[in-house]
Amino acid sequence: MKTHYTVGGTSNHSNNANNSSQAQDVELNSIGYKRRSSLTLYVPKKIDIDKILFEFPPDFKFDRDKFVYILHLITAIPHTNSDVLEENKGFTLINKKLLQRRIHNYKKYIDYLAEREIVLVDKYYIPDKKSGGLKFSKDYISEVVPVEISKWTLIKSILYLSQNKEIEITEGILFLKKWLEDDKLEIDFQAGKEELEKIATKEAEEGLSNISERFNSRLVPLLDLISDYKSFGVDRTGFRLHTALTRLKKELRKYIRYDGKTLVSIDIVNSQPFLTLPLYDVVRFKKNDILSKINNPLYFPDSDMSVKLLQTIDEVRNQEDVKVFIDCVTSGNFYEEFGKILQDEGLLEGGNIQDIRKKVKEITFESIYSPNTSIAYSNYVKIFKKTFPNVYKIFQLIKTGRGNHPAFSIMLQRLESELVLEKTCKMINRLNPNIPLFTIHDSIATTEEHTAFVKDIMIKVFTKYIGVSPKLKLERWE
């Protein structure tokens, strides 16, 4: 028998979850924050923090909820990217400056957890580059379960005072949040959890490390979907919307239904190369206000670099390699065509189509997002430059300056966010507010009967701003 949860409903699937967790005080305080009596966080079930604090009371004035929050972060941070665990030997990097804003004496809390051998501490850090890390000790690694906190000042800081939330944009798209909170959104939680267990078993057989940590980081978004509070916010960097759905592992989407109906996502084929198309046309560049989206200190109105970039765009727009690049992208076959080039150069072995496409996508991302210095050591980047020299010249200009290479990915994310959230979703909601919409960055999901309408609006919006119609792919969540 399958266990289903409706997102707007309640569930009590852990003894650690207090029944009061579902009660929500909707009273607004004097500065407009929606006051909540509690908030659900996630901690390994082997850690009974209340028992530990009772038996071994800390030698400083403490708040139990602050311990819970620190323990929660160890699993919550990697759920956005489980690869960080592999890169940091299983440690979760925690920005201590941000932590101090919520827990001013956080060091005492971490020292206590380390002394009790609940967590291990990686004290190696590089100022402004690498934070210190935490991970659970072997005796306490276990599946995470819901644990309630009730300290309002901490809850308020977590929910409303995030330093990385773009409040104005978030408030402008709150109509999307209602679909996440709708009772009609159903999650087969047990099936999803079993799917994660299968993935964990497979990864263990493949020899990957940090299996339990990976499992927990993937379980958190699934738990979030059945909790009473739905995380929802646009980040201040790429202006992307982040929800439990955007963090949910793709293999689990098939366990989600809306009003008993299968959801269908509408994806832009080779979306990242497609979003670069305004970079080869000055008119489109200005129409999309690309300059304001380039997060590079060398770029601002009328700066030397800004002028140079516009001049270069005008110079290369009719070059043959730029035309070939645009044709490959607009056909929806960019990864396939670039893959053939890589195979001809002996840089990519044959295999099934999906594996080749996946690898070529990784190579493409390395070519366009890596620092300009990577041309000195990366054969992949050299081949890209050789094949598309004038396209690469544009990429290179936007990433100019030491440490400025993230400017390119941020620029594309901001353009994507503007077109998907600000243009497409708002238009759909204005024309028909009864169409359920769920976004995963450059993809929009809805129920099958609304797919044609949503697809038509996406095509109109992207054609208007990008200049060509995107190739779209439909994927049923089943």
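Just so you know, these numbers use all the heavy atoms, side chains as well, and skip hydrogens, waters and symmetry mates. Nothing fancy with the numbering, it's 1 onward along the sequence.
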Engineer: Look only at the side chain of Asn288 and the backbone of Arg284, and say whether a donor-acceptor pair between them is shorter than 3.5 Å.
Structural biologist: yes

Engineer: Salt-bridged, Glu362 to Lys358, with N to O below 4.0 Å?
Structural biologist: no

Engineer: Just wondering, do Leu225 and Leu248 contact through their side chains at under 4.5 Å, heavy atoms?
Structural biologist: yes

Engineer: With side-chain contact (heavy atoms from CB on, under 4.5 Å) as the test, pick out the partner of Phe462 among Val468, Leu419, Leu472.
Structural biologist: Leu419

Engineer: How long is the straight-line distance from CZ of Arg218 back to CG of Leu252, given to the nearest 0.5 Å?
Structural biologist: 10.0 Å

Engineer: Think Lys135 forms a cation-pi with Phe91, using NZ or CZ under 6.0 Å from the six-ring centre and within 45 degrees of its axis?
Structural biologist: yes

Engineer: List the steps, then state whether salt bridge (Lys or Arg N to Asp or Glu O under 4.0 Å) holds for Asp224 with Arg247.
Structural biologist: CA-CA 10 Å; Asp224 269 351; Arg247 298 188 295 268; 3.3 Å; yes

Engineer: Yes or no on salt bridge (Lys or Arg N to Asp or Glu O under 4.0 Å) for Asp456 and Lys460, after CA distance, side-chain angles and deciding distance?
Structural biologist: CA-CA 6 Å; Asp456 181 58; Lys460 288 179 179 177; 3.3 Å; yes

Engineer: Does this structure show an ion pair linking Lys193 with Glu143, if we count only N-O contacts that are shorter than 4.0 Å?
Structural biologist: yes

Engineer: Run the side chain to side chain donor-acceptor pair (under 3.5 Å) check on Tyr258 and Thr262 step by step: do they pass?
Structural biologist: CA-CA 7 Å; Tyr258 181 80; Thr262 299; over 6 Å; no

Engineer: How about Ser417 and Arg240: does a side-chain donor come under 3.5 Å of a side-chain acceptor?
Structural biologist: no

Engineer: Hey, does the side chain of Ser157 reach the backbone of Arg102 with a donor-acceptor pair shorter than 3.5 angstrom?
Structural biologist: no

Engineer: Would you check, one step at a time, whether the test side chain to side chain donor-acceptor pair (under 3.5 Å) holds for Asp267 with Ser443?
Structural biologist: CA-CA 5 Å; Asp267 305 323; Ser443 171; 2.4 Å; yes

Engineer: List the steps, then state whether salt bridge (Lys or Arg N to Asp or Glu O under 4.0 Å) holds for Lys340 with Glu336.
Structural biologist: CA-CA 6 Å; Lys340 292 177 183 178; Glu336 290 78 3; over 6 Å; no

Engineer: Hey, what's the ring geometry for Phe388 with Phe338, parallel, tilted or perpendicular (30° and 60° as the breaks)?
Structural biologist: tilted

Engineer: Between Glu195 and Tyr255, does the side chain to side chain donor-acceptor pair (under 3.5 Å) criterion hold? Intermediate values first, please.
Structural biologist: CA-CA 10 Å; Glu195 185 76 27; Tyr255 302 115; 2.7 Å; yes

Engineer: What residue among Val360, Ile326, Asp327, Asn270 forms side-chain contact (heavy atoms from CB on, under 4.5 Å) with Phe334?
Structural biologist: Asn270

Engineer: Are any side-chain N or O atoms of His72 and backbone N or O atoms of Tyr42, one a donor and one an acceptor, separated by less than 3.5 Å?
Structural biologist: yes

Engineer: One thing to verify: whether Asp281 and Lys287 come together as a salt bridge, which I'm taking to mean a side-chain N less than 4.0 angstrom from a carboxylate O.
Structural biologist: no

Engineer: Can you label the angle between the His242 ring and the His441 ring as parallel, tilted or perpendicular, going by 30° and 60°?
Structural biologist: perpendicular

Engineer: For the pair Lys399 (side chain) and Ser370 (backbone), establish whether a donor and an acceptor sit closer than 3.5 Å, ignoring hydrogens and angles.
Structural biologist: yes

Engineer: I need the Ile294 CD1 to Asn296 CG distance, nearest 0.5 Å.
Structural biologist: 7.5 Å

Engineer: Pick one: which of Asp259, Leu263, Val264 meets side-chain contact (heavy atoms from CB on, under 4.5 Å) with Lys261?
Structural biologist: Asp259

Engineer: Under the 6.0 Å and 45° cation-pi test, does Arg414 pair with Phe239?
Structural biologist: yes

Engineer: The test is side chain to side chain donor-acceptor pair (under 3.5 Å); show your working for Ser271 and Glu416 and say whether it passes.
Structural biologist: CA-CA 9 Å; Ser271 63; Glu416 164 205 285; 5.7 Å; no

Engineer: Roughly how far, to the nearest 0.5 Å, is CD1 of Ile199 from CD1 of Ile211?
Structural biologist: 11.0 Å

